[in-house]
A.B. asks: 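Take this structure first; my questions come after.
Atoms considered below: every heavy atom in the structure, side chains included; atoms not considered: hydrogens, waters and symmetry mates. Residue numbers start from 1 in every chain, and the chains themselves are labelled A, B, ... in the order their sequence lines are given, proteins ahead of strands.
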Amino acid sequence: MLLFVSRFAKKGPAYYEPRYSYPSLSVPLAPFFSNMTARYKEFKYLNLPSIEKEILRKWEEEQAFQKSVELRQGAQPFVFYEGPPSANGMPGIHHVISRTLKDLVCRYKTMQGFQVQRKGGWDTHGLPVELGVEKELGITKEDIGKTISVADYNQKCREAVLRYKDKWDDLTTQMGYWVDLKNPYITFTNEYIESLWWCLQQLYKRNLLYKSVSIQPYSPGAGTGLSSHELNQPGTYKMVKDTSATVVFGLKKTEHSAFLFEKVSGEAVGILAWTTTPWTLPSNLGLAVGGNVDYVLVKTFNPYTHQPQNVVMAKALLHKYFKSEGENADFAAYKEGDKVVPYQILSEFKGAELENLPYEQLLPYEANSLEAVRAITPDAKPFRIMVGDFVTTEDGTGIVHIAPAFGADDFKVGKKYGIGILTLVDREGKFVDGLGEFSGRFIKDYKNEQGYVDVNVDISVKLKKEGRAFKVEKYEHSYPHCWRTDKPVVYYPLDAWFIRTTALKERMVELNKTINWKPAATGTGRFGQWLENMVDWNLSRSRYWGTPLPIWRTEDGSEEKCIGSIAELNAEIRKASEVLGGETNKHYLHDGILDLHKPYVDEVVLVSDSGKPMHREPDLIDVWFDSGAMPYAQAHFPFENKEFFANNYPADFIAEGVDQTRGWFYTLHALGSMLKESVHEELKAAGFKGDFEAKYPGLAYKTVVSNGLVLDKNGNKMSKRLGNVVDPFKTIGDFGADATRWYLITNASPWDNLKFDLEGIKEVQRKFFGTLYNTYQFFGLYANVDGFSYSEAPIPVKERPEIDQWILSSLQTLVKKVTAAFDDYEPTVAGRLIEDFVDEHLSNWYVRLCRRRFWKGEYEGDKIAAYQTLYECLETVVRLMAPISPFFSDELFRNLNAVTGRFSEESVHHVLFPKADEALIDTLLEERMQLAQDASSLVLSLRKKVNIKVRQPLQKILIPVLSSGMEAQLRKVADLILAEVNVKELEYLTETEGFIKKKIKPNFQALGKKLGARMKVVSTALAEFSQHDITLFEKEGRYSLPIDGIYVELTLSEVEIISEDIPGWTVASKGALTVALDINVTPVLEQEGNAREFVNRIQKVRKESGFELTDRIAVTVGGSNGLEASLQQFKSYICAEILADKLEFVPQIIDGIEIEVNEEKLKVIVSKM
RNA sequence: AGAUCCGUAGCUCAGCCUGGUUAGAGCACUACACUGAUAAUGUAGGGGUCAGCAGUUCAAAUCUGCUCGGGUCUACCA
């Protein structure tokens, strides 16, 4: 019964077509098929994209992903966290690499028997979303609350945030990334936010959440703080010329500063400090020096008043203020206008000696009096010199003027020394009252005033006149500007909420040491450094679309509440309504709060314990908190899913780009460390048992892989502006996800930057997938002919031919190495190993050498062994490669398994990863096969050198053997070598002296330790060895070498002896292996050569005539004058080769095909029997 | 500015951890073969100051330090 119809592909689409397909039948198929001999699917072309489409269809139909998780129900979980992408922008090729990495690890672990659940997620809050919406609506932040309500604005954000979700889902599907897209976590949902609130409340309860001022970039023009993101907009940093001033602070005379005053016999001593922002000088409260920096006390003149002056500055910066000719010049002769100002160094000392010395205030006013300072900071001790590690001698004087309100470093060092803080500039950018002539003036031209006079100049002029300025000049530097107003930014103290991460620093550093970082250097380096220099986490963001800070405060700030759940908030809402009465919270009484975003939470008023109304702190929190809290929030922990959480925390594995080191990797780690006790408490309370310390050590993840960037092929960053972005959809569509994935993984280690080049993908496609495809195709072709379906019992490997044992041994070695590489999160190594095996071993050696076994002879012993062996190789390789290239591997697996049914699973992703069978590994065998390959390669190169083609048989090769082991090894592979290079016999040369020329050299590795410095002498001595010396050495097995009168004993293992030449023979060598070839072509050999050539031509004719592999033929040869003898001689050989039942010779043929055999032309007629 | 990664053939990368004497592979190029796996394959050839300098060592692509170039992150500070 013939059910198959042959359908030869005509021109057709450029994708494979099965050679056979089933006709459509309306009757049930199963009974017909059950007794059909299944055939391996053969391809017409290799077209990965269309194979992938088909596989995707099957996965969808079979729910293959879900099944891969369900099949492992009850198995040990392997926990993976998905770092949520923002669907606010289009996915790029760089997303493909990190997702490939995630996917392959998860697939691998599934194949290792773990259950790997992968919940997808979306990051939905944050500034980019807001900016996108503003651009779309053509509005700015100022419009919010005016032309658009906060509610509408946030609604727009909510709609915009998943704008490209479909595109992302498409990419996820097409690239074969298995992740649960149906049930993802979304950071804007109430449940998610509720978990975030729980986290925040836990931190609050542990006193890790506090409000404080911090110095942040601030735009007086726009009246708002700026994020680092805003500051990093292109064009914000501009070169500007500012009035800079070096000013003189008068040092006070005290016991500790006496050492300076002694040098100047009681005259005044000034400290020089430099600033590019003179407007900060009234707010000055301290000076900072470098503890290890060298300073000098210099006697000189003030360049503006020309009065004598003694000043302190960094030694390294003297040249910026003084011309060297002035050193120790005549002070008495100095007069106003002199170009060279005399100076004299009176003393030199370290900055540390200046610590805590008091000085006179530079610009005292009412608003910056000591009383005013202490009114803000009661115990403040301002106007002192401090030591700060940030002080350098790059610019200025090496002494930094400190106004704690207007610089982050200033604030930090000021806090450390307790000098207080003064903010004498208001939020509009003008001086406050109580500063005399400067009050009310804008520090920069923020209002575009007509004829604005720069107050910085006026301050400088005033100081000049008073002799308190030492140098005033325009200074050009790069300074940040507000991207909206284009006005310079100032650093300004703003209220903000902080997480006290520094309190847990030790724990975070310790725990980091237990994390498996790939590459390790990122953990100790970039991340370790970051932890060491940790500052408290500024959570506050003045925005609209984000997670609101759940803290309500009374107006005076004396009482506050941190809310940790929706239920708690609703209870508080009702309570406040009852206590405060009136309209309070009336919209939220009935159903409670329905949306935890602005503006709704801001409308809620709570009541303090003492009965005062409390309003929410207006800030939103940093979106990084959203993603860092995903282990808890994705499960809505602790409100639900405690069991899931208990089993899925911490993560065994996460992976993202290296740019996340201080982003997601940090926030996950920080929250993990800080919430450790909270997690323990919740789980204990819920009745979970076990060693909590071991199970939940405060770690959020155990292994983290950080992948590098994807650059364009020239090494430039991809950007829309440069137009060098690679469209992942096009790439996958053109070349297939598998080729793309394989390329991304094997081209460079994931953590190295990748120079993305489409040529590389093409290469992978051709080289790896093409080779594998050919190998499979080859197998399928003959297996279908012979009906091989692995129905016979496996032939014990030991009973199979040497070459089968070899390829299986190599295969097991491969399994071992690939497993180790995957276990070590080194997919690049794994992929390259597989590639090498398929190309070098399987295709170019095993299949090439074994071709005949598949198409010659009967279907029995040796042939079945060949099929079984090749089948096992293919079946194993597809499982090894499945994590990296999930599609093609599954296609091949299904095709193989459809015939043999060796696995009950329907997909390669459901089966277990191969386990290496150590018993099959035979290193000696692998070694001698290498020897065979080398020997063959040498013979082929010799043939090439003397121009004798491989089809011409030769008589003999000669191989000098240097040890009995080598001979034994060679003997086992001699037949392979001879067949491969078409030579009749192999002779082993054991004769030692005279014939083979040998060379000796030291085995450096072995001798190095023993000889040390005498190595060179020994090396030279060995180079001078005669053939006789070498022979003697070999015979004795040892040699005494006189070196400087002392004999050095050498053994054979400490030297290498190689055969270099066999005089009179054509030889070639590689390492210790030398091969000589007998290039004499005797008449008999020539005849055989002719016969082989003839066979080759006829085979070509067969193929061109479109005969089937098994067709028998009849051949008539005409005009074969010079060749007939050869052909007659080898007639039976020829007939067997070309499947001819008849081979006849006639004097002449009129028609027929002309062929050429070794320069002789003849005609043949080839016909089917 | 600081931290970190990278720099090996025209291109993409091994090798470096654990130092050993002719530094490898693929692509590309040139030439020649092979051909019942054929949109393959083999052989041979040219092509390298292992970024540079210094140090340690009998011996350095490999270990150490510095410099240069590129990337990334963090910062932008008188």
A.B. asks: Look at A/Glu835 together with A/Arg832 and state whether they make a salt bridge at an N to O cut-off of under 4.0 Å.
C.D. replies: no

A.B. asks: Could you give the CZ-to-P distance, from A/Phe768 to B/G26, as a whole number of Å?
C.D. replies: 17 Å

A.B. asks: Suppose we define a pair by two distances each less than 3.5 Å, Watson-Crick or G-U wobble; what does B/A44 pair with here?
C.D. replies: B/U30

A.B. asks: Atom CG of A/Leu1007 and atom C1' of B/U57: how far apart are they, to the nearest Å?
C.D. replies: 17 Å

A.B. asks: For A/Glu826 and B/A14, what is the distance between atoms CD and P respectively, to the nearest whole Å?
C.D. replies: 11 Å

A.B. asks: A/Leu1077 CG to B/U43 P: how many Å, rounded?
C.D. replies: 16 Å

A.B. asks: Hey, is A/Lys863 close enough to A/Asp786 for a salt bridge, meaning N to O under 4.0 Å?
C.D. replies: yes

A.B. asks: Can you tell me if A/Arg851 touches the phosphate of B/A37, counting only side-chain N or O atoms and a distance under 4.0 Å to OP1 or OP2?
C.D. replies: yes

A.B. asks: Looking at B/A40, does its base get a donor-acceptor pair with the side chain of A/Ser843 below 3.5 Å?
C.D. replies: no

A.B. asks: Between atom CZ in A/Phe43 and atom P in B/A39, what is the gap in whole Å?
C.D. replies: 16 Å

A.B. asks: Choosing from B/C6, B/U21, B/A37, which nucleotide comes nearest the side chain of A/Met1015?
C.D. replies: B/U21

A.B. asks: Kindly point out which of B/C13, B/U12, B/C77 is positioned nearest to the side chain of A/Lys755?
C.D. replies: B/U12

A.B. asks: Would you indicate, yes or no, if B/C6 has its OP1 or OP2 atom less than 4.0 angstrom from a side-chain nitrogen or oxygen of A/Asn753?
C.D. replies: no

A.B. asks: When both hydrogen-bonding distances must be under 3.5 Å and the geometry is Watson-Crick or G-U wobble, what is B/C16 paired with, if anything?
C.D. replies: none

A.B. asks: Examine B/C34: is either OP1 or OP2 under 4.0 Å from a nitrogen or oxygen in the side chain of A/Asn1096? Give yes or no.
C.D. replies: no

